[in-house]
Amino acid sequence: MKKTILFSACAALSLSMVACGGNPNKAKNAEAAAETKAEAKAAPVYNVIDKPQVDLATLPVDKEGYYVIFDGKTFHGWRGYGKDNVPAKWTIEDGAIKFNGTGGGEAQKADGGDLIFAHKFKNFELELEWKISKGGNSGILYLAQEVEAEKNGQMKLQPIYISSPEYQVLDNENHPDAKLGVDGNRKSASLYDMIPAVPQNAKPFGEWNKAKIMVYKGTVVHGQNGQNVVEYHLWTPQWTEMLENSKFSSQKWPLAFELLNNCGGENHEGYIGLQDHGDDVWFRNIRVKVLD
């Protein structure tokens with residue numbers, strides 16, 4: 001699906017014609033200026049890549065009605081973001097998915113990169129456990145799309161987080177990101193760079209934390225260690241305002257703003273992802289209940 005984002009100049013053009021008193025030459029000049037201004041504000045062309053999805057019928061269902069999307073032994077249903085295979089930096093260790101860090105931040109090396117479960121969920125409840133290394137940083141992404149955008153005449157794969165809200169995974173005590181952002185909105189379980197998790201009840205690095213993410217008809221709740229810590233509502237004026245006050249604003253990052261403001265695309269659905277941020281991180285007991 002190919003999209004081109006354009007900002008309308010119609011209102012500006014109409015006002016210009018009134019101001020020109022109906023003079024056709026001035027109106028034409030105003031029209032040309034408006035078109036030039038609109039082109040200058042145009043965001044990059046982008047594609048949403050649609051690949052085959054996993055049939056949920058191939059997965060086990062537990063006694064509480066959750067699909068078990070990681071069996072503790074295999075990567076059935078998982079692949080790299082923008083890839084057809086599981087990158088080598090992702091392994092299975094003691095029943096958990098582990099990213100073996102490079103120490104290079106968001107390096108996204110060829111044998112690394114983010115991991116996604118290859119099925120798009122719409123209304124769902126995700127539960128899992130995670131632990132992070134000392135000074136580590138990662139994230140859980142949801143409603144994600146695989147997006148490529150034009151750069152220097154070529155289509156390039158874009159980061160997963162420009163289309164997906166992020167549940168932050170962090171060693172709050174030792175990673176500097178915990179002190180950045182506003183009011184702790186980059187600490188564990190926060191909606192990254194937008195809403196802080198309250199109360200902040202994360203366990204220290206090396207200990208398992210329990211995460212929950214519920215998405216239902218636009219309402220999103222983050223849970224951490226048995227408590228709901230974040231609630232917000234997608235596709236609302238408030239959501240747009242939050243984006244405008246973040247690093248993903250329409251001025252700072254037009255493509256991210258467009259994708260996140262309409263996250264989940266036309267069908268309001270997307271992938272669950274685990275982030276390669278260059279640090280060791282583990283995930284286990286991953287299950288999803290479909291709420292449709």
Side-chain angles (χ1 to χ4, degrees), residues 62 66-75 77-78 80-81 86-87 89-103 105-106 108 112-117 121 124-144 160-161 164-175 177-178 184-193 195-215 220-230 271-289:
D62 67 18
Y66 287 79
Y67 289 99
V68 179
I69 65 172
F70 173 60
D71 62 10
K73 300 175 183 178
T74 71
F75 279 113
W78 295 84
Y81 173 77
V86 174
K89 288 289 184 184
W90 291 94
T91 60
I92 296 173
E93 178 181 287
D94 297 328
I97 292 175
K98 180 187 179 183
F99 181 77
N100 296 275
T102 59
E106 291 180 86
Q108 303 284 305
D114 302 314
L115 192 69
I116 63 172
F117 185 75
F121 294 96
F124 63 92
E125 186 171 281
L126 167 68
E127 290 188 354
L128 55 82
E129 292 177 281
W130 61 268
K131 69 176 179 178
I132 193 75
S133 54
K134 185 175 181 179
N137 186 339
S138 184
I140 304 165
L141 297 308
Y142 51 97
L143 297 176
I160 189 173
Y161 55 78
S164 168
E166 179 181 343
Y167 179 116
Q168 175 78 310
V169 167
L170 197 76
D171 173 8
N172 291 334
E173 296 303 316
N174 297 291
H175 196 288
D177 220 21
N185 66 3
R186 295 188 182 183
K187 291 185 177 182
S188 171
S190 296
L191 173 63
Y192 177 75
D193 206 49
I195 304 177
V198 179
Q200 181 47 252
N201 61 348
K203 295 179 182 179
F205 73 90
E207 296 186 26
W208 288 102
N209 291 270
K210 191 166 187 178
K212 180 177 74 174
I213 300 170
M214 186 202 74
V215 178
V220 181
V221 176
H222 289 186
Q224 181 167 253
N225 295 323
Q227 291 183 280
N228 292 337
V229 295
V230 166
Y271 299 112
I272 290 165
L274 307 176
Q275 188 180 47
D276 161 12
H277 205 285
D279 301 313
D280 285 0
V281 62
W282 295 259
F283 302 93
R284 71 181 185 187
N285 296 330
I286 310 173
R287 62 181 194 161
V288 178
K289 179 180 284 186

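We number each residue from 1, following the sequence as shown. Being a predicted model, the structure only gives us computed values, none of them experimental.
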Asker: Can you list everything that forms a ring pair (Phe, Tyr, Trp, His ring centres under 6.0 Å) with Tyr271? Sequence neighbours excluded, please.
Answerer: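 Testing Tyr271 for ring pair (Phe, Tyr, Trp, His ring centres under 6.0 Å), a comparison that skips the adjacent residues, returns none.
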Asker: side-chain contact (heavy atoms from CB on, under 4.5 Å) with Asn285: which residues, sequence neighbours excluded?
Answerer: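 With neighbours one apart ignored, the set is Glu129.
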Asker: Going by side chain to side chain donor-acceptor pair (under 3.5 Å), name the residues that satisfy it together with Asp193, two or more places apart in sequence or in a different chain.
Answerer: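 Partners of Asp193 under the side chain to side chain donor-acceptor pair (under 3.5 Å) test: Arg186.
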Asker: List for me each residue that meets side chain to side chain donor-acceptor pair (under 3.5 Å) alongside Tyr142, sequence neighbours excluded, and say none if there are none.
Answerer: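 Result, side chain to side chain donor-acceptor pair (under 3.5 Å) vs Tyr142: His222, Tyr232.
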Asker: So for atom NZ, which belongs to Lys210, do other residues, nucleotides or ligands contribute more than 12 heavy atoms lying within a distance under 6.0 Å?
Answerer: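 Not more than 12 within 6.0 Å, no.
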Asker: With sequence neighbours left out, write down each residue that passes side-chain contact (heavy atoms from CB on, under 4.5 Å) with Asp62, or none if nothing qualifies.
Answerer: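 Expected list: Glu64, Tyr66, Val68, Arg287.
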Asker: Please list, chain by chain and in numerical order, all residues satisfying ring pair (Phe, Tyr, Trp, His ring centres under 6.0 Å) with Phe70, sequence neighbours excluded.
Answerer: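 Result, ring pair (Phe, Tyr, Trp, His ring centres under 6.0 Å) vs Phe70: none returned.
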Asker: Side chains of Asn225 and Asn209 only: does a donor on one sit below 3.5 Å from an acceptor on the other?
Answerer: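 There is such a pair (donor and acceptor under 3.5 Å, judged by atom type) between the side chains of Asn225 and Asn209.
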Asker: Mind running side-chain contact (heavy atoms from CB on, under 4.5 Å) on Asp177 and Asn137 for me, showing each step along the way?
Answerer: CA-CA 8 Å; Asp177 220 21; Asn137 186 339; 3.8 Å; yes
Asker: Using 0.5 Å steps for rounding, measure from the CZ atom of Phe117 to the CD1 atom of Ile286.
Answerer: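 That separation rounds to 9.5 Å.
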Asker: Please identify each residue that fulfils side chain to side chain donor-acceptor pair (under 3.5 Å) with Ser164, with sequence neighbours left out.
Answerer: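 Ser164 satisfies side chain to side chain donor-acceptor pair (under 3.5 Å) with no other residue.
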Asker: Taking only residues two or more places apart in sequence or in another chain, which ones pass salt bridge (Lys or Arg N to Asp or Glu O under 4.0 Å) with Glu207?
Answerer: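 Not a single residue meets the salt bridge (Lys or Arg N to Asp or Glu O under 4.0 Å) criterion with Glu207.
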Asker: Under the side chain to side chain donor-acceptor pair (under 3.5 Å) test, which residues partner Asn174, sequence neighbours left out?
Answerer: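 With neighbours one apart ignored, the set is Asp171.
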Asker: Counting distance only, does the side-chain N/O of His277 pair as donor-acceptor with the main-chain N or O of Asp279 below 3.5 Å?
Answerer: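 Checking the backbone N and O of Asp279 against the side chain of His277, no donor-acceptor pair under 3.5 Å is found.
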Asker: Angle class for the Phe124/Phe121 ring planes (parallel below 30°, perpendicular above 60°, tilted otherwise)?
Answerer: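 Geometry flag for Phe121 against Phe124: tilted rings.
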Asker: Could you work out, with salt bridge (Lys or Arg N to Asp or Glu O under 4.0 Å) as the rule, every residue matching Lys289, not counting sequence neighbours?
Answerer: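 Scan of Lys289 (salt bridge (Lys or Arg N to Asp or Glu O under 4.0 Å), adjacent residues dropped) gives none.
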Asker: Among all residues two or more places apart in sequence or in another chain, which pass the ring pair (Phe, Tyr, Trp, His ring centres under 6.0 Å) test with Trp282?
Answerer: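 Partners of Trp282 by the ring pair (Phe, Tyr, Trp, His ring centres under 6.0 Å) criterion come out as none, since no residue qualifies.
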Asker: Out of Lys203, Lys212, Gln200, which residue meets the side chain to side chain contact (heavy atoms under 4.5 Å, CB included) rule with Gln224?
Answerer: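 Of all the options given, the one that passes is Gln200.
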